[in-house]
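Written below as structure tokens is the structure these notes are about.
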Amino acid sequence: METFISITNQSQGRDRIFRATQYACALSKYLLRNEAKRKELVKKLQSLESNMSSGRKLLRLGNTVNSVHAVKSTLHISDPVLRLCLTLANLNRALYFICDNLLWARSIGLIRDIDKERWSLNATRFYFLSLIMNLTRDVYAITQLMVQRSRDRHYQHKVNQHLNESPDVACVIVPQLDAFLFLLIESLKSHPSVALDTLKNICDLFIPLDMLGIFQTNAGVVGFCGLISSVLGILSVLRPNLKMKP
């Protein structure tokens with residue numbers, strides 16, 4: 001109960017719960033789409049999904065200001081690659097929220113003279129670009145971790161021991177590739193926040209890829225990826241040490 005209260009007391013935590021429910025409904029709808037006896041249940045899931053989406057739009061009304069503030073903060077990061085990736089990610093995120101807020105205003109009748117399809121497409125594009133920059137940051141962080149770890153003498157001994165203990169694997173797989181994968185896994189194991197953020201962004205990426213027609217899948221894949229990324233997001237809220245910094 002205390003865990004639930006700690007999540008719901010945070011706006012980000014409430015959004016993640018709503019998001020997980022929204023994509024769980026989308027996944028359930030897809031799995032039940034051919035069940036004739038479950039048509040009524042599918043309608044209820046559709047209604048719940050729609051309500052969760054509308055609720056999230058309301059919760060996100062102040063996020064534009066937060067994203068603009070984040071842009072100002074990332075401009076002072078000393079690392080030029082991180083500064084570029086995070087600044088562009090937050091800038092595109094701010095533009096996404098502007099489009100999202102306008103779509104919300106249109107849905108309740110405050111604004112009528114905007115093209116819903118056009119602004120929805122723009123929002124998806126900004127969301128996609130934000131994810132691309134976040135993933136670029138993740139790749140950069142993983143590369144740095146791997147370089148640091150490869151210079152560690154203790155790690156080099158572990159690699160040699162791994163290759164010696166798995167001669168069959170080393171014969172089948174190129175030894176350099178085996179050593180690279182071992183280095184990647186060890187680096188991610190020692191920094192779970194990087195692994196969590198990377199997996200979350202990869203899952204999220206399937207959503208705009210499908211909506212933009214770049215890599216079309218189906219509602220089931222989108223629902224599953226959205227649910228996984230939402231659960232990972234809830235985990236990062238519960239355990240702040242699993243959130244990447246900066």
Side-chain angles (χ1 to χ4, degrees), residues 1 3-64 93 95-128 130-131 199-238:
M1 181 60 71
T3 300
F4 179 77
I5 292 174
S6 67
I7 297 177
T8 55
N9 279 340
Q10 304 177 52
S11 60
Q12 189 179 42
R14 291 193 293 272
D15 178 71
R16 297 291 167 81
I17 292 175
F18 277 34
R19 190 176 191 269
T21 305
Q22 176 186 343
Y23 284 107
C25 289
L27 177 59
S28 299
K29 278 193 328 178
Y30 179 79
L31 295 175
L32 297 173
R33 68 191 186 284
N34 295 324
E35 297 286 339
K37 298 180 180 179
R38 302 294 181 90
K39 286 186 177 181
E40 191 63 32
L41 177 59
V42 170
K43 289 181 180 179
K44 291 180 180 179
L45 290 172
Q46 175 67 49
S47 176
L48 180 58
E49 179 187 359
S50 178
N51 287 331
M52 290 296 103
S53 178
S54 299
R56 290 183 62 221
K57 287 184 182 296
L58 184 60
L59 290 174
R60 292 198 297 260
L61 285 179
N63 286 1
T64 303
R93 188 172 173 82
L95 293 172
Y96 161 73
F97 284 130
I98 290 173
C99 295
D100 187 68
N101 293 340
L102 288 173
L103 288 170
W104 174 81
R106 183 188 183 281
S107 69
I108 63 172
L110 289 178
I111 301 176
R112 298 182 183 275
D113 300 328
I114 66 170
D115 187 338
K116 179 181 178 180
E117 297 299 325
R118 177 186 173 187
W119 282 92
S120 180
L121 183 61
N122 287 335
T124 304
R125 286 171 176 165
F126 289 131
Y127 179 49
F128 173 69
S130 177
L131 287 175
L199 180 58
K200 177 181 175 298
N201 286 326
I202 290 174
C203 288
D204 279 335
L205 194 62
F206 281 92
I207 300 171
L209 283 175
D210 183 78
M211 294 178 69
L212 294 173
I214 298 174
F215 181 75
Q216 291 185 314
T217 51
N218 55 57
V221 173
V222 172
F224 177 76
C225 290
L227 178 59
I228 294 298
S229 67
S230 300
V231 171
L232 293 176
I234 292 173
L235 185 60
S236 67
V237 172
L238 285 174

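Being a predicted model, the structure only gives us computed values, none of them experimental. The basis for the numbers below is simple: all heavy atoms, side chains too, and nothing from hydrogens, waters or symmetry mates.
Among all heavy-atom pairs drawn from S230 and R16, the shortest one is CB-O, 4.1 Å. Between L45 and S28, the shortest heavy-atom distance links the atoms CD1-CB, 3.7 Å. Of all the heavy atoms in A20 and I234, the pair that sits closest is CB-CD1, 4.3 Å. Across L227 and Y23, no two heavy atoms sit closer than the pair N-CB, 3.5 Å. The minimum heavy-atom distance linking L27 with G220 is given by the pair CD1-O, 3.5 Å. Across all non-hydrogen atoms, the minimal contact from G223 to A26 is CA-CB, 4.3 Å.
With values rounded to the nearest 0.5 angstrom, I111 atom CD1 is found 5.0 Å from L102 atom CG. The distance from the CD1 atom of I207 to the OG1 atom of T124 is 10.0 Å, given to the nearest 0.5 Å. We find the CD1-CG distance between I202 and L205 to be 8.0 Å, quoted to the nearest 0.5 Å. Atom CG of N122 sits about 11.5 Å away from atom CD1 of I98, to the nearest 0.5 Å. Within the model, atoms CZ of F18 and CG of L58 stand 9.0 Å from one another, a figure rounded to the nearest 0.5 Å. A distance of 7.5 Å separates CG in D210 from CG in N218, rounded to the nearest 0.5 Å.
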Please walk me through it: do I214 and F128 pass side chain to side chain contact (heavy atoms under 4.5 Å, CB included)?
CA-CA 11 Å; I214 298 174; F128 173 69; 4.1 Å; yes
Practice problem: Quick one: do L121 and L212 satisfy side chain to side chain contact (heavy atoms under 4.5 Å, CB included)? Show the steps, please. | Solution: CA-CA 7 Å; L121 183 61; L212 294 173; 3.5 Å; yes
Exercise for the section: Given side chain to side chain contact (heavy atoms under 4.5 Å, CB included), test D204 with Y127 step by step and report yes or no. Expected result: CA-CA 10 Å; D204 279 335; Y127 179 49; 3.6 Å; yes
request  = Output, in order, the C-alpha distance, side-chain angles, deciding distance and verdict of side chain to side chain contact (heavy atoms under 4.5 Å, CB included) for S229 and R19.
outcome  = CA-CA 9 Å; S229 67; R19 190 176 191 269; 2.7 Å; yes
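At least one cation-pi condition fails for R93 and Y96: the charged atom is not both under 6.0 angstrom from the six-membered ring centre and inside a 45 degree cone around its axis.
At most 12 heavy atoms of other shown residues, nucleotides or ligands fall within 6.0 angstrom of atom CZ in F224.
Within the structure, salt bridge (Lys or Arg N to Asp or Glu O under 4.0 Å) pairs that include any residue of residues 43-62 comprise D15-R56, K29-E49, K57-D100, R60-D100 (at least two apart or interchain).
N101 places a side-chain heavy atom less than 4.5 Å from the side chain of T64.
The closest donor-acceptor contact from the side chain of S130 to the backbone of F126 lies at 3.5 Å or more, if one exists at all. No donor-acceptor distance shorter than 3.5 angstrom exists from the side chain of S50 to the backbone of S47, with no hydrogens or angles considered. A donor-acceptor pair under 3.5 Å is formed between the side chain of S107 and the backbone N or O of W104.
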